[in-house]
Amino acid sequence: MRASQAPEFDPEPVSEADGEAVFGSVILQQGILSSGGPGHLGAMPVHVLLDGPDAQVPAHLTRIPISLIETSTDCTNKTVKGKVVHKGPLVQSADFILKSVIQDDDSKPDASSQNSSINVVLFGPLANDFSQTVNQGDVVVASGFTVSKSPTVHKDKLHPCNLLLSGDEACLYVSRQPPPPDPTSLPAIKRSATHSTEASRANKAPKYTYVPLGDLKPGCVVSVYGVVIFFKQPFKSRGTDYCSSLKITDQSNQKISCTIFCEKLEDHPKIFQIGDVVRMHRVKTQYFNNSVMLVNTFGFSVVTFDGAVGADVEPRTSSRSFHFDQEDLRTVEELRAWAANQALLAKAPIDSTCTLLRVWDGTRCPWTLLKVLVEPDVTEGPSSFSREKENLIANVLVYDNHVEFARQLQPGNFLRIYNLRAIPGSSKVPGLTGRHSQELDHLAFHLHGGTAYGRGIRVLPENSSDVQQLKRVLDAFAENDELNDSELLEVWCTPPESLDDDTVEHGTGSCLRAVRSCSHDIQPVTLCELKRSHPGRVHHVRVQLRSYEPCRLHQALKLYCSKCTSVQEVPDDELVAGVFSEASRDPGACSPPPWALSGHVDVPGESPGSPERSLGIHLSSQLMSEGKTKELIFLMGSTLKETCRLAAGYQNVIPVRSSGGHLALLDLTAPFLFRGRRRYYGCKRCSKAAVREPCAEGVEVIDEKTIAEALGVELLQFVLLMKLELQDATDTLEAFLWRDAELFLGLAAEELASDQEAQDHVCQTMASLCPSGGHTGQRPWLDLCLAAYQAGNDEGQNRTCYQICNTRLSKPSSSARSDPEP
DNA sequence: GCTTAGGATTTG
């Protein structure tokens with residue numbers, strides 16, 4: 001690559017974003033992204049219209065203005081149109097979620113702005129597509145949505161409803177105004193670097209087409225995916241650039257050589273081992289030696305992934321931003337799965353020169369290792385170790401071109417050495433080697449000069465799965481006291497040089513850590529070991545959170561009966577409102593119990609202009625006589641809304657209905673008691689409910705327990721139930737957060753049921769344990785106590801379950817709190 | 001200026 005090419009190109013999009021500029025409309029539907037111009041999408045339908053989204057909307061759909069949307073709105077064959085005024089980040093948990101706000105474009109500025117802007121929540125692939133395709137300012141038309149109450153109406157002062165877009169029915173039509181003419185009058189791809197990435201990307205199609213390696217023709221510029229079957233580390237060419245050689249293959253079984261010229265080492269493919277998956281954008285095909293090969297060309301970018309099935313899909317790239325969607329994920333996973341069945345893929349890491357590297361990989365070599373003696377004062381790092389350690393350390397001699405690379409290494413680096421030669425009995429090594437006959441069979445390691453067969457050394461980043469695994473082995477050794485030195489992996493450099501401060505990448509960590517409060521004095525185990533052990537024990541593990549369910553945290557809230565141990569969902573408002581309206585349907589005469597004083601309370605109409613309503617109430621005569629008029633009312637014939645409103649004025653509101661001429665409680669699907677914002681439920685199975693006067697004698701505060709007892713209601717507890725997918729270097733594991741969920745999250749489930757702040761707190765907590773779109777390295781390591789136990793399923797079979805217990809999340813005491821969230 | 005490399009060790 002020529003140095004002078006840079007000014008011609010936007011430095012940012014070189015990493016991504018090609019294709020022709022597309023102005024017009026796209027349609028988003030679950031699982032389908034339709035956009036682009038001819039030749040873009042292969043089998044996908046293409047929908048581009050230049051005259052706005054309305055032209056595409058099927059005629060049988062009718063539009064409702066945003067301000068008229070209500071939870072009761074029948075959404076069948078309806079559309080909502082609005083301009084995107086806010087586009088939230090793509091959140092990935094079990095599924096993708098994206099929140100956006102759209103505003104009625106037609107609304108007058110003086111119209112109630114509160115109701116002309118509405119939150120739109122997108123789920124699944126639609127959220128992903130929206131994230132990539134739609135920009136602030138675009139006008140969208142939504143259909144196939146549902147309406148729900150906005151939980152954030154008090155906070156954001158937007159429309160009291162949300163639009164939810166999920167499932168196959170959900171569809172979004174998008175239109176975008178063509179941008180003003182480019183003042184530089186250059187073609188789009190040559191726009192100047194002063195344009196923001198956002199702007200230039202917005203104008204380009206988001207999709208790439210990848211050519212199967214079997215379909216490559218000479219003389220084209222293409223983008224490809226492939227599995228690495230051979231590679232060389234970048235080496236200095238005779239020209240201006242470093243040169244990488246690699247060979248890739250794919251399901252077509254074509255083996256394609258690639259040559260990459262880049263001046264900067266970081267722009268080369270970051271390949272760690274054969275089997276890695278690479279994706280290259282903008283490589284040109286050439287005919288050489290009777291076959292097609294690939295060379296990078298202008299705008300080249302490459303991203304590399306671990307090739308192991310089931311490994312994280314963590315992109316290795318120097319590109320500051322790059323496109324990666326569900327389809328890419330699928331491609332990587334397909335290549336991994338395919339490659340896993342190909343015998344040609346093997347792992348063969350080796351290394352070393354005439355700098356001596358002393359390394360250990362956590363294993364004990366069956367051969368005696370050659371000792372290489374050097375002067376202590378030329379050694380960087382400890383000059384000697386205990387005899388036990390010395391027997392485990394491999395001495396690696398690296399030669400020629402590798403010396404320069406070895407110079408930059410530091411003790412503590414994790415390396416992979418490629419094409420290392422192991423020879424027994426070598427006596428011709430530099431330094432003061434033993435030449436006694438008993439050392440003839442000692443194993444020596446040489447990394448010879450040159451790059452043949454990919455010979456070279458690579459520093460592995462701290463967050464790579466191989467390093468994580470190796471560290472666990474090293475830690476285990478340290479704990480076993482066999483090697484109780486923290487510097488287990490040593491690298492010497494001879495002669496000593498002042499080293500660059502060039503450390504490997506570290507995970508950014510997080511502001512949360514997990515603290516065990518149990519007294520179990522046990523050594524941590526890996527997940528792999530844990531899975532092999534018998535249930536009925538507790539274990540300590542050190543893990544990261546890979547994912548969690550449910551992604552909509554309110555669904556984690558359940559109702560639990562401690563008597564029959566059943567767990568049920570918290571009924572939603574719609575269901576509860578239905579119970580109320582059902583209960584008020586029979587206004588038949590009803591004789592109040594003898595202890596009750598009956599009366600009426602007037603409540604304002606539901607909507608402005610509608611008449612006041614008079615609701616029947618019953619009060620405990622005993623409480624009345626004590627002057628406790630606001631402590632408790634039995635409320636009759638109210639709607640859910642009215643009940644909630646009255647709960648603000650009375651400490652305890654018990655909704656009742658008339659049943660067979662008597663006062664009865666509502667169906668226990670609905671809360672039997674309202675206390676301020678809190679609602680209490682009873683177990684249908686265990687309650688023997690009847691309207692009775694609570695005994696308030698000697699009772700300081702009439703609370704939910706007093707009332708439940710009086711009414712014969714078995715009070716349900718709010719509980720939290722989540723399923724967390726944990727991972728470490730060895731395995732993944734599903735564990736429940738249940739018994740100690742409140743301890744873990746540091747709040748009461750009951751609080752979570754009624755308090756927006758508590759809900760936000762949990763969302764933030766989960767987001768920092770498992771940042772959306774974050775890489776493994778950004779997730780904190782958690783020290784957990786896990787109980788393994790047997791639980792029967794519906795078929796009567798036992799299976800082993802795991803639960804997080806005795807562990808709470810905590811902010812580290814250190815004030816050095818990094819908060820990298822953008 | 002638009003190349004460079006184009007896998008393939010025998011060896012301290």
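So you know, we letter chains A, B, ... as the sequences are listed, proteins then strands, and number each from 1. No hydrogens, no waters, no symmetry mates; every other heavy atom, side chains included, goes into these values.
Nucleic acid contact class of Lys247(A) (heavy atoms, under 4.0 Å, all strands): base. Note on Tyr242(A): nothing from the nucleic acid sits closer than 4.0 angstrom, heavy atoms only. At the heavy-atom level, Ser257(A) lies nowhere under 4.0 Å from the strands shown.
Ranking dT4(B), dG6(B), dA8(B) by closeness to the Phe261(A) side chain, first place goes to dT4(B). You'll find that the side chain of Thr240(A) is closest to dT4(B), out of dC2(B), dT4(B), dG7(B). Nearest to the side-chain atoms of His448(A) among the listed nucleotides dT11(B), dA5(B), dG1(B) stands dT11(B). Relative to the side chain of Arg421(A), the nucleotides dT11(B), dA5(B), dA8(B) differ in distance, and dT11(B) lies closest.
Straight-line distance from the CD1 atom of Ile260(A) to the C1' atom of dG7(B): 14 Å, rounded to whole Å. Atom CG of Asn289(A) and atom P of dA8(B) are 13 Å apart (whole Å). Atom P of nucleotide dG6(B) and atom CG of Asn296(A) are separated by 14 Å, given to the nearest angstrom. To the nearest angstrom, C1' of dT3(B) lies 15 Å from CZ of Phe288(A). Between Ile256(A) atom CD1 and dA5(B) atom P there is a gap of 21 Å when expressed in whole angstrom units. Going from atom CG of Leu246(A) over to atom P of dG7(B) covers 13 Å, rounded to whole Å. Note: CG (Asn290(A)) to P (dG6(B)) measures 18 Å, nearest angstrom. Remark: C1' of dA5(B) and CD of Gln286(A) are 10 Å apart, rounded to the nearest angstrom.
Both tests hold for Lys236(A) against Tyr242(A): distance to the six-membered ring centre under 6.0 Å, angle to the ring axis within 45°.
For the C1' atom pair drawn from dG6(B) and dT10(B), the interatomic distance equals 23 Å after rounding to whole Å. For the P atoms, the distance linking dG7(B) with dT11(B) amounts to 22 Å, nearest Å.
Classification of Arg316(A) and Asp306(A) as a salt-bridged pair fails, no side-chain N sitting under 4.0 Å from a carboxylate O.
Annotation: Phe324(A) is in aromatic contact with Phe305(A) [ring centroid separation under 6.0 Å].
The closest donor-acceptor contact from the side chain of Asp276(A) to the backbone of Thr304(A) lies at 3.5 Å or more, if one exists at all.
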Please lay out, stage by stage, how Glu334(A) and Gln251(A) fare under the test side-chain contact (heavy atoms from CB on, under 4.5 Å).
CA-CA 9 Å; Glu334(A) 279 170 4; Gln251(A) 291 89 336; 4.1 Å; yes
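You won't find any donor-acceptor pair under 3.5 Å spanning the side chain of Arg238(A) and the base of dT3(B), going by distance alone.
Residue Lys232(A) has a polar side-chain atom (N or O) positioned under 4.0 Å from OP1 or OP2 of dG6(B).
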